[in-house]
Novice: 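Pasting in a structure now, in structure tokens, and then I'll have a few things to ask.
All residue numbers in this chain count up from 1 along the given sequence. Hydrogens, waters and symmetry mates play no part in the numbers below; they use all other heavy atoms, side chains included.
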Amino acid sequence: MKFEHLLSVVNGFGRFQMMIIIISFIGRFTLPCHFLLNNFIAAVPSHHCDLSALDDGRLFGNLTQEQRLTVSIPVQEDGTPSFCKMFPEPQFQLLSNSNDRDLVTVPCQNGWAYDNSTFKSTLATEWDLVCDQKGLNKATTTIFFIGVMFGAMTFGSLSDRFGRKPMLLVSYISGMLFGFASAFSTSFIMFAVLRFFTGFGITGIVIVSSVLSVEWVDIEHRKLVGVIDSLSWTFGYCMIPAIAYCVTDWRQLTIAVTSPLALAILTWRWIPESARWLIANGKFEKANFYLQQCAQMNQKEEFGSKITPETLSSIIVTERKDRTHSYLDLVRTPKMRRLALLTGIVWYGVASTFYGISFNITGFGLNIYLTQFVYGAIELPAKLSAYYLLDKVGRRNTEVGSLLGAGICLAINIFIPRGEYMSVLRTVVAVLGKGCSATSFTTVVLYSSELFPTVVRQNGMGYNSSMGRLGVSLAPLILLLDEVWRDLPQVLLCSIALLASLVARMLPETRGRCLPETIQDVEDGQTGKGLAGSQVVETTDIPLKSKDNDEVENGY
């Protein structure tokens, strides 16, 4: 007997499963908010050198603020005051002659003055992370996602060893403590360290909750749960600009997006442990307890009473103790090496493109709150279309087409002139590119999990996730290259998307094919056509595919 048989008896998608999804949503809400938090807390408002040193002798007299800037700050090519340069002494002749090309300039001598009309305070204004220190401001995003990368590997293995529910609580508590602590940082170094551990802690939420949700639902509803989990990210992406608009202080904003974890901790007590994991680890009494709860909530008490610890001991699972596979199995054989190389490149390209677009909300000259909201809203139709296209045109064509679309949109924006009248058009093209990249991200999670054989699927997905987080970590640094050439980040992101599209074209199609079970299946190309003969395999490491090849985990 298999676990799916038990779920069909107690109702594999009833009130009990909906309770899990709703409670998990509370904790998952904070993830997309933290992932995009740096767009707001690390924003760089308009600024110029502090002029107080030049006015020690009250030389400015009755000059207006505009006239003070004219005699103190050189003008950039676009006619705006320089961010990082000033004159060593006032140049009053500029009030009648605007030519300042031959005048000597020096770096800011007494700090900077910031425009606080949009943000009350940010990391940039707190620790003057501008001009020569601009790289440190962007580095906070990279540091955070490096923490996410290490956290993903850690919580994945720990949840297999100690259970889903305990590690979910650990992720809740650690994410909340480090998140709150980072809001009270007294130095940039302290903030960077705490952001690393915040990313490390909260990433366990998505890994554990995604697996836990799907391990409790029946085969036919796994894709639906994947859609719901994915849309929880869309909801968070749409809400973060609204929260940031109301909370303009970076410390208070960090507290605001971390606060839902307190509610998640309070509701954790109602989260059940995975019955699959309990059975696979020989904890039949505890598994029976939760199955009885499921039967009662789903109004299947008469069937639930027939389930006993003795019947649970006959559930067929892949014996966890006999597994000897590791990450090395991804590179030991020729076709597995090729598969790991290709999927790793695709994951890097998908993540780098998606977040490269997501982080660039100030490059279009429009309101950053509106831009971020539209970036989030476009994901709704994009993700719904992905689940339609997956079966209509196939996994490979959906992945190739969405990456190609993202690359084309990035390329178009390179040639659209920058300026007040073109900012709307540039934003529209960028939003379309974001939609394409969201479709590619939704697709690659399902596609890559279907490519790896059952015996190393968890390792394959862990490796791919790490490659994706590497792409996310480097995306902010790519955006810094606008100092070299303003369009260089767009060119690089476009190139990455197009390269990933070409690489995805080299992967085999998995639509309508049975899942490979062993490494030898991959080497022999034995992924038999048709789903009728496919077999559901239970494992303690990851939730697997069903007859209709539904993916169980969908998180960014």
Side-chain angles (χ1 to χ4, degrees), residues 35 141-142 145-146 148-149 152 230 233 330 337-360 375 378-379 382-383 386 389-390 393-414 429-452 460-481 487-510 551 553-556:
F35 274 36
T141 304
T142 299
F145 280 105
I146 291 175
V148 170
M149 181 172 64
S230 179
W233 288 78
L330 300 178
R337 279 197 298 270
R338 181 177 186 272
L339 180 61
L341 175 63
L342 297 181
T343 55
I345 293 174
V346 172
W347 268 80
Y348 174 88
V350 168
S352 186
T353 302
F354 180 87
Y355 283 100
I357 296 175
S358 299
F359 294 152
N360 188 27
Y375 270 7
I378 192 63
E379 290 195 11
K383 291 178 179 179
L389 293 171
L390 286 174
V393 303
R395 277 67 160 151
R396 180 174 60 186
N397 290 336
T398 302
E399 187 64 47
V400 171
S402 56
L403 280 169
L404 184 62
I408 291 174
C409 289
L410 287 165
I412 292 174
N413 258 348
I414 296 174
V429 174
V431 168
L432 292 177
K434 175 66 185 309
C436 291
S437 65
T439 301
S440 70
F441 220 136
T442 302
T443 302
V444 76
V445 177
L446 170 62
Y447 189 22
S448 56
S449 65
E450 291 178 337
L451 289 168
F452 285 96
M461 293 301 289
Y463 154 74
N464 282 329
S465 178
S466 297
M467 291 297 294
R469 299 313 174 198
L470 177 62
V472 179
S473 301
L474 295 180
L477 304 183
I478 291 176
L479 297 179
L480 278 176
L481 296 176
D487 290 322
L488 184 56
Q490 294 279 98
V491 172
L492 290 177
L493 292 175
C494 173
S495 301
I496 291 172
L498 295 178
L499 174 62
S501 177
L502 293 175
V503 172
R505 185 65 185 154
M506 301 167 66
L507 292 169
E509 178 58 72
T510 60
E551 170 56 29
E553 181 182 354
N554 196 333
Y556 291 178

Novice: As an exercise, state the distance from CG of L499 to CG of L492, rounded to the nearest 0.5 Å.
Specialist: 12.0 Å

Novice: Is there a side-chain contact (heavy atoms from CB on, under 4.5 Å) between S437 and V350 once you walk through the steps?
Specialist: CA-CA 7 Å; S437 65; V350 168; over 6 Å; no

Novice: State, to 0.1 Å, how close G349 and A500 come at their nearest heavy-atom pair, and which atoms those are.
Specialist: CA-CB, 4.0 Å

Novice: Any side-chain heavy atom of I357 sitting closer than 4.5 Å to one from L410?
Specialist: yes

Novice: What pairs with L477 under side-chain contact (heavy atoms from CB on, under 4.5 Å), at least two apart in sequence or on another chain?
Specialist: T142, L474, L480

Novice: With S501, which residues qualify under side chain to side chain donor-acceptor pair (under 3.5 Å), at least two apart?
Specialist: none

Novice: Of all heavy-atom pairs between P476 and T141, which one has the smallest distance, and what is that distance?
Specialist: CG-CG2, 3.4 Å

Novice: Is the closest side-chain heavy-atom distance between L451 and L342 below 4.5 Å?
Specialist: no

Novice: Using a 4.5 Å cut-off on heavy atoms from C-beta on, say whether the side chain of E379 contacts that of F354.
Specialist: yes

Novice: Is any side-chain heavy atom of F35 less than 4.5 Å from a side-chain heavy atom of V148?
Specialist: yes

Novice: Mark yes or no for whether T343, through its side chain, and S448, through its backbone, hold a donor-acceptor pair below 3.5 Å.
Specialist: no

Novice: Tell me whether R395 contacts the main-chain N or O of Y447 through its side chain, where contact means a donor paired with an acceptor under 3.5 Å.
Specialist: no

Novice: Rounded to the nearest 0.5 Å, what's the gap from CZ on R396 to CZ on R505? Could you check?
Specialist: 4.5 Å

Novice: Rounded to the nearest 0.5 Å, how far apart are CG of L481 and CG of D487?
Specialist: 12.0 Å

Novice: If I compare all heavy atoms of A386 with all of T439, which pair ends up nearest, and what's the gap?
Specialist: CB-CG2, 3.8 Å

Novice: Looking only at heavy atoms, what is the nearest atom pair of K434 and S358, with distance?
Specialist: CE-OG, 3.2 Å

Novice: Which heavy atom in L470 sits nearest to a heavy atom in M149, and how many Å separate them?
Specialist: N-SD, 4.1 Å

Novice: To the nearest 0.5 Å, what is the distance between CG (L403) and CG (L502)?
Specialist: 9.5 Å

Novice: Can you tell me how far the CG atom of N413 sits from the SG atom of C494, to the nearest 0.5 Å?
Specialist: 10.5 Å

Novice: With side-chain hydrogen bond (donor to acceptor under 3.5 Å, both in side chains) as the rule and sequence neighbours excluded, what pairs involving residues 398-407 come up?
Specialist: none

Novice: Does the plane of the ring in F441 sit parallel, tilted or perpendicular to the ring in Y355? Use 30° and 60° as the thresholds.
Specialist: perpendicular

Novice: Please report the interatomic distance CG(N464) to CG(L339), rounded to the nearest 0.5 Å.
Specialist: 8.0 Å

Novice: Strictly under 6.0 Å, is that where the ring centroids of Y463 and W347 end up?
Specialist: no

Novice: Anything under 30° is parallel, anything over 60° is perpendicular, the rest tilted; go ahead and classify F145 against F359.
Specialist: tilted

Novice: Which atom pair, heavy atoms only, marks the closest approach of Y375 to A430?
Specialist: OH-CB, 3.4 Å

